[in-house]
Every structure is written in C-alpha cells, then in structure tokens.
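This report concerns only the one structure given below.
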Amino acid sequence: TVRWNLHDNVQINNKEIREAAEFLRNGMTVAFPTETVYGLGADATSEDAVAKIFAAKGRPADNPLIAHVATKKQLTALVDNLPEKAETLMDVFSPGPITFVLPSNGTCADNVTAGLSTIGVRIPEHPVALQLLREADIPVAAPSANISGKPSPTTADHVWTDLNSKINGLLDGGPTGVGLESTVIDCTGEIPIILRPGGITLEQIEEVVGEVHVDKPQTNRTDKPKAPGMKYTHYAPEAPLWLVEGSVDKLQEIIDIERNNGRKVGVMASDETAEMLRADEKIQLGKQGNLAEVAINLYNALRTFKNGNIDLIICEAFPEENIGQAIMNRLKKAATKYVK
Ligand code: TXA
Ligand code: MG
C-alpha cells in the first residue's frame, strides 16, 4: 500500500493527489479523507475495480456503495432523473455530508448498486476528496474505509490498521471533520425518507423541504431494511458495549456491580459525566451540550478500548436531537445492550 502524506496543504501537494487519481483511473483502490470519514475508493464504472473494495473490506455483496463525484453535472450523469426536492436539497447541502438515493441510469457497475434500480450519490466537501474526484474525472464508489463491522475510520491511521496491504493507496489528509457518515436520504418518492441519519440533520432537511420521513431501524430481522447496509453488525468495539440512559448515579451503580463481578469496565461519556464516574478506564467524548464534538470523537473512542484490557464498555446515552440522532443511531448499533 502506497501512503501519501498531504499534511495541511492540499495545493502544494497536489502531485500526490494526481498520482492517487491515476491509481483510481487504472482500476486500483485508494483510501481518501472526506469531511465525514475516510472512504475506500475505486472506479465506479468498473465491475472489477469495485470488486476489489468488497474484497478488501470483507463487505457483503448485497450492501450497495455510494458513488462520489465532484460536481452536480457529474452527479446528474449517473441518474435517470433528478426529482425537484432532491435538487433543492442538493443546492443547499452539496457539497456536504449528504447522500441522495435516486433512480440509477446504469452508468455505474452493477456491483455498486448491489443490483438495485437506485443509486446513492454524494458530493463530499473535503478539499482532498474534491480535488481527487476532479483529477480522476470518473465517479468513485466509496464505502467507509474500515473492515466491515468495525467503526468507520476518522484518521489515516485507522485506515492503515484495518486495510494496510489490502488496498493500493492511502491519501493521508489528517483527521476528518464531522466524524460520522453522511445522511442517506431516499428521494425517489413524493416524501423524502432518511435511511441513515448523519452529518446533515433531520431538522436542517425539514427546514428546506418540509415533511420528511425517517426509516425506523428494523428490529425484526426477517424484514428487509431499505438501506441494505443497516441490517449488519456495525461500529463494533472489541468489548461488549452497554448503552445506558439515566443519571450519573445509575451509571455508577451498573459499573460498580460489574467491577464487583471481576470485570474491567471502561467508560465513554461526556466530559462532565466521565469526571464524576469511577471506572478502570475513561474516555471523554466532549462537553455536554456540544454534540458535534461527541460525533468527532466517537469512532476513535470505540477503537480505543482493547480486548484484554477492558471486559465491558459502559457508554452514556445522548439526546436524540440534531447530530445526536446520528450519534445514538451508531451507538445503538454498536451496543450489545440498551439499558433505559
Ligand atoms: O459519509 C459517508 O457516506 C461515507 C464517506 C466515505 O462518503 N461513506 C459511507 O459509505 O458511509 P458506506 O458504504 O459505509 O455506507 C453507505 C450506506 C449503506 O448503509 C448502504 O446500504 C446505503 O448507504 N446505500 C447505498 N446505496 C444505496 C441505495 N441505492 N439504496 C439504499 N441505500 C443505499
Ligand atoms: Mg460503512
């Protein structure tokens, strides 16, 4: 795996980005930073190139990928039509952390859409991602650049840990911004449906287009979720995680019971809560009331607790509003138990 270090300056180092773009055009896989998480890219028009992504990640073949492009023009070249509400949302939020599910026109390879008639398309906001997409001048299929099932990567080192020697290149552009993935919104029907909460919030979307539906996470495993990826185990840390709603006293009580049972307990919580708790290890996610900071730190925290050091992770629940919806969506998937 070739690793290009961009440090801070995208312009000065664009030789590296040109090289990475050349890799993509030659059917190779390249991991790159976006404003949400690192993505693992390949030429979306090549079945062979896209197959390399599935192989490197160990990703189930029925989970479709997002096609990344630099411009609205490139985006509309991939879809059958652009419904009015999708276009309105795009004009407000793209480039940005939002993915539109639209009717596909078949330009991308079949394994990108996992055989669906729709395609997820997104224009990322990160300068490195945008410059890479412009240089490559092809649609780039890119899921998060992690081993399937693990937390998404928010640093190049996370990608390296998971995928070194399994991919052709890695563009290191420093830590990502939002820390959680893009919002996936299905715009094929009259009323848009949020399939995955993410960087652009329900509240922001409602303000622009009015009524929006939210796809309920499926509990019945025989149901077919609308975003196929949502049915798999995701974001899993190395130890079991209990998501706990309630007071500091309640959290401490649970921690004490488990420590008395001989388990080593790690805590993930807001700065204020973490400071008050006694446990074997503690990770502070950010100030209470600053959920954007919690989002940025979440995946790194999930990767920090190592099997062998910690037997159980206790994580504080957060309010399900604004970016808190995406935070809680990921935590519920990471959790083995939700204590209310
Ligand atoms: O922020 C992000 O979206 C990152 C960065 C790299 O852009 N990418 C990302 O990709 O999170 P991935 O593959 O980890 O998640 C894509 C999600 C999955 O849940 C997938 O099932 C859903 O989007 N998806 C993709 N295409 C779809 C489609 N045609 N219909 C419904 N869901 C789709
Ligand atoms: Mg992913």
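Counting starts at 1 for both ligands and their atoms, in listed order. Count residues from 1 along the sequence.
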**Q.** Nearest neighbour of atom 16 (C) of ligand 1 from the list Asp215, Ile66, Leu65, Leu40, on a heavy-atom basis
**A.** Ile66
Q | Candidate pair Ser182 and Arg196, rule side-chain hydrogen bond (donor to acceptor under 3.5 Å, both in side chains), full reasoning | A | CA-CA 8 Å; Ser182 64; Arg196 178 179 72 182; 3.3 Å; yes
Q) Considering only heavy atoms of Asn63, which atoms of ligand 1 have at least one such atom less than 4.0 Å away? A) 18 (C), 20 (C), 21 (O)
Q: State the atoms of ligand 1, each with its element, that fall below the 4.0 Å cut-off from a heavy-atom position in Gly39.
A: 6 (C)
Q | Reported OG1-to-CZ distance for the pair Thr154 and Arg303, which is rounded to 0.5 angstrom | A | 7.5 Å
**Q.** Closest heavy-atom pair and its distance - Phe318, Leu331
**A.** CD1-CD1, 4.1 Å
Q. Does Arg59, backbone or side chain, put an N or O under 3.5 Å from an N or O of ligand 1?
A. yes
Q: Please determine if the Mg ion (ligand 2) has an N/O/S atom from Ser148 lying under 2.8 Å away.
A: no
Q) So do Trp160 and Thr1 actually touch side chain to side chain, heavy atoms under 4.5 Å? A) yes
Q.
Measuring only between side-chain heavy atoms, which start at C-beta, is Val101 closer than 4.5 Å to Leu116?
A. no
**Q.** NZ/NE/NH1/NH2 to OD/OE distance under 4.0 Å, Asp157 and Arg3
**A.** yes
Q) Which ligand 1 atoms are under 4.0 Å away from a heavy-atom of Glu181? A) 1 (O), 2 (C), 11 (O)
(Q) Are there over 12 heavy-atom neighbours, none belonging to Glu320, within less than 6.0 Å of that residue's CD? (A) yes
Q. Going by the atom numbers of ligand 1, which of them fall below 4.0 Å from some non-hydrogen atom of Val184?
A. 23 (O)
Q | Ser182: numbered ligand 1 atoms lying under 4.0 Å from its heavy atoms | A | 1 (O), 2 (C), 3 (O)
Q: For Thr118, counting its heavy atoms only, list the atoms of ligand 1 lying under 4.0 Å from any of them.
A: 28 (C), 29 (N), 30 (N)
Q.
Only heavy atoms of Ser144, strictly under 4.0 Å: list the atoms of ligand 1 that pass.
A. 8 (N), 9 (C), 10 (O), 12 (P), 14 (O)
